[in-house]
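Below: the structure, in structure tokens.
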Amino acid sequence: MLDFNLAIRLNANDNRAYFNRGCVCGQNGDDFGAVRDFSQVIRLNPSNAQAYVNWGVARYRYGILVDS
């Protein structure tokens, strides 16, 4: 997690760092953090299909069932 935080701090446009940090957040039960990071991946790289899948799973687990 610290490495991904550092990578993001060094390059805020590195969608891979956000993706990986989102995965770690999800594995650690931090669904809010996972939603945040996968949303950023989608903003930076809208063609990343796996980010949409992980974003949807994290939203479901966090309890966000409808767009607000």
Using a distance-only test with no angle check, is there a side-chain donor-acceptor pair under 3.5 angstrom linking Asn45 and Ser47? yes
Do you reckon Tyr62 sits in the same ILVMFWY cluster as Val57, going by side-chain contacts under 4.5 Å, direct or chained? no
Smallest heavy-atom separation, Gly26 atom then Ala34 atom, equals N-CB, 3.9 Å
With a 3.5 Å distance limit and no angle check, can you tell me whether Asn28 reaches the backbone of Asp30 through a side-chain donor-acceptor pair? no
Tell me, please, which residues at least two apart from Asn54 pass side-chain hydrogen bond (donor to acceptor under 3.5 Å, both in side chains). Gln50
Answer with yes or no whether the hydrophobic clustering places Tyr60 together with Val53; edges join I, L, V, M, F, W, Y residues whose side-chain heavy atoms lie under 4.5 Å apart. no
Which atoms form the tightest heavy-atom contact between Arg21 and Asn5, and what is the distance? NH1-OD1, 2.8 Å
Compare every heavy atom of Asn15 with every heavy atom of Val41, then report the nearest pair and how far apart it is. CG2-O, 3.5 Å
The single option from Phe38, Tyr18, Phe4 passing side chain to side chain contact (heavy atoms under 4.5 Å, CB included) against Cys23: Phe38
CZ on Phe19 to CG on Leu44, rounded to 0.5 Å: 13.0 Å
Ala58 and Asp31: which non-hydrogen atoms are nearest, and at how many Å? O-CB, 3.9 Å
Where Ala12 and Gln40 come nearest, the two heavy atoms and their spacing: O-NE2, 4.4 Å
Does the side chain of Cys25 reach to within under 4.5 Å of the side chain of Asp37, using non-hydrogen atoms? yes
Calculate, to the nearest 0.5 Å, the distance between atoms CD1 and CG belonging to Ile8 and Asn20 respectively. 9.0 Å
